2 protein chains.
Amino acid sequence: MVAGMLSRRHVNPTRSGRPRSAAADTAILLATRAALVELGWSKLSMGDVAARAGVAKTTLYRRWASKNELVVDAVAVIFDEIEIHDRGSLTADIEGVVLQFAALLDRPETKTALMAVVAESTRDDALRDRIRTAIVDRQKGLVLKGRERAQARGELAYESDPGTAARNADLIFDVIAGAVVHRTLVSAEAVDEDWARGFTMLLVGGLAAIQGS
Amino acid sequence: MVAGMLSRRHVNPTRSGRPRSAAADTAILLATRAALVELGWSKLSMGDVAARAGVAKTTLYRRWASKNELVVDAVAVIFDEIEIHDRGSLTADIEGVVLQFAALLDRPETKTALMAVVAESTRDDALRDRIRTAIVDRQKGLVLKGRERAQARGELAYESDPGTAARNADLIFDVIAGAVVHRTLVSAEAVDEDWARGFTMLLVGGLAAIQGS
DNA sequence: GTCTTTCGCTACGGATCGTAGCGTAACCGC
DNA sequence: GCGGTTACGCTACGATCCGTAGCGAAAGAC
């Protein structure tokens with residue numbers, strides 16, 4: 001489990017004594033997400049989370065050093081839900097990922113938490129690293145997998161230079177995730193199938209242009 | 001001035017008595033940006049801002065109801081700096097806007113504040129409206145202007161249906177702003193000229209594909 | 001059974017919030 | 001000038017939340 005893995009920082013390496021309650025971990029993370037939905041980020045208090053989870057506030061601080069890290073772990077799990085299925089074509093694959101990602105961002109706890117954590121990460125390097133490993137890197141894998149499939153189908157050319165290949169993957173990742181996030185959170189409009197279709201058309205058309213160069 | 005305009009909500013409509021100090025307005029907004037750079041969002045306190053601005057804390061609360069609204073106003077001004085100059089081609093215009101936007105997001109106060117405010121806006125409709133009018137709508141104008149120029153040059157076709165025209169403009173806006181923001185804040189990598197060139201190539205290529213449909 | 005660690009609980013100092021009350025300062029109309 | 005009106009700075013306050021410390025009890029490891 002991701003959250004457990006990440007929260008084990010302050011744990012004693014020697015395996016003796018009373019073990020930590022795994023149930024408490026999941027209860028805390030669940031309570032955190034629930035509290036985010038109801039209260040939002042700024043009004044979320046550690047005491048409230050502890051009360052909801054049915055644990056003592058001190059237990060909470062024994063596992064997470066700050067509110068930021070707690071929220072990152074609480075939200076990271078959600079992003080594991082996205083999977084890239086082979087739908088037969090690059091266009092269909094992209095549309096699928098876009099809609100899945102949009103569905104995730106449609107949940108109140110996700111949108112609130114993700115943006116709040118990103119905001120804090122602009123001033124906290126450790127937090128940014130945590131976000132990178134817990135969320136971003138894993139999602140970038142989806143782009144790589146989708147490209148692989150498209151190349152196997154002959155829809156995309158194999159990039160000869162590994163440098164440009166990596167740069168293109170990063171670019172595509174930022175365009176997809178960025179556009180969906182911006183549409184959902186800043187423009188505050190729905191990512192429906194029509195939008196996904198239009199966006200995918202734009203992206204696939206652009207990919208052809210990039211490959212030509 | 002935008003900030004002043006927006007902060008006049010609680011002011012008495014009758015024009016009598018001692019007027020509000022315009023200097024205090026600018027001093028407060030300046031202090032807010034400075035505090036954001038040094039402290040970040042979560043550790044920003046109203047008392048600290050007041051002290052930096054050389055005003056009483058009560059004065060601050062007389063003008064802004066919450067920390068959120070204050071920060072929106074403090075940051076909104078920055079986004080007015082972006083202008084879209086005619087650089088002769090659609091590609092050059094887009095690259096210019098991308099680099100300007102990236103330069104803005106490179107400032108510590110902008111990245112921190114923008115994301116924090118967006119995060120809060122996911123739970124606060126009034127705040128979202130404020131963001132929309134203060135920041136988003138104005139930027140969307142840049143897209144419209146750029147398209148107009150490209151159409152005049154013959155680089156883009158005139159959309160016959162006003163509905164699709166509006167949808168396309170929104171799409172392009174979300175793609176540009178979203179990709180730049182995501183690259184800068186989530187991926188945490190620089191938007192340099194190389195990246196801008198690659199992104200623009202992708203976008204312009206995609207636009208051609210969209211127009212064909 | 002003993003040892004070790006976590007647990008829940010209570011209590012605490014410190015910081016910040018947002019508001020109220022007061023006397024003073026600045027501008028308006030007469 | 002001179003009341004009327006509003007903004008200002010200042011102080012003080014209750015309320016809330018933070019993060020930590022100290023305690024006895026519980027739960028496994030050996």
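Computed from a predicted model, the values in this text were never measured in an experiment. To find a chain, count down the sequence lines: A is the first, B the second, and so on, and within it residues start at 1.
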Taken to the nearest whole Å, CZ/B/R62 to P/D/dC8 is 7 Å
For A/K140, the side chain to side chain donor-acceptor pair (under 3.5 Å) test, sequence neighbours excluded, returns A/D170
Numerically ordered, the residues 30-41 of chain A set in heavy-atom contact under 4.0 Å with DNA chain C is none
So, is B/T59 near the phosphate of D/dG9, with a side-chain N or O under 4.0 Å from OP1 or OP2? yes
Axis-to-axis angle across the helix from C/dG1-D/dC30 to C/dC30-D/dG1, five pairs each end, nearest 10 degrees, ~ 30°
Shorter than 3.5 Å, N or O on both sides, protein versus nucleotides 18-20 of chain C: list them out with atom names.
unit_1, atom_1, unit_2, atom_2, d
C/dG18, OP2, B/Y61, OH, 2.7
C/dG18, N7, B/K57, NZ, 3.2
C/dG18, O6, B/K57, NZ, 3.1

Residues, nucleotides or ligands: over 12 heavy atoms within 6.0 Å of A/E193 CD
no
A/T112 meets the side chain to side chain donor-acceptor pair (under 3.5 Å) criterion, sequence neighbours left out, with B/T122
Separation of C/dT16 atom P from B/L60 atom CG, nearest Å, is 15 Å
Between B/D25 and B/R20, does at least one N-O distance fall below 4.0 Å, as a salt bridge requires? no
note: B/D25, atom CG; D/dC8, atom P; distance rounded to Å ~ 9 Å
So the side-chain hydrogen bond (donor to acceptor under 3.5 Å, both in side chains) pairs with at least one residue in residues 174-186 of chain B (sequence neighbours excluded) are A/D174-B/H182, A/H182-B/D174, A/S187-B/D174
For B/A56, the side-chain contact (heavy atoms from CB on, under 4.5 Å) test, sequence neighbours excluded, returns B/T58, B/T59
Considering only heavy side-chain atoms of A/S45, the closest of D/dC18, D/dA7, C/dG8 is D/dC18
Applying side-chain contact (heavy atoms from CB on, under 4.5 Å) to A/A166 and not counting sequence neighbours gives none
Nearest-nucleotide check on DNA chain C, B/K43 vs B/R18; residue mapping nearer the 5' end is B/K43
Residues at least two apart in sequence or cross-chain that pass side-chain contact (heavy atoms from CB on, under 4.5 Å) with B/L144, listed by chain then number, are B/R147, B/A169
Residues passing the side chain to side chain donor-acceptor pair (under 3.5 Å) test with A/N68, sequence neighbours excluded, are none
Residue pairs passing the side-chain hydrogen bond (donor to acceptor under 3.5 Å, both in side chains) test with at least one member in residues 195-207 of chain A, sequence neighbours excluded, are A/D194-A/R197
Sorted by chain and number, sequence neighbours left out, side-chain contact (heavy atoms from CB on, under 4.5 Å) with A/R52 holds for A/A31, A/A34, A/A35, A/E38, A/L39, A/D48
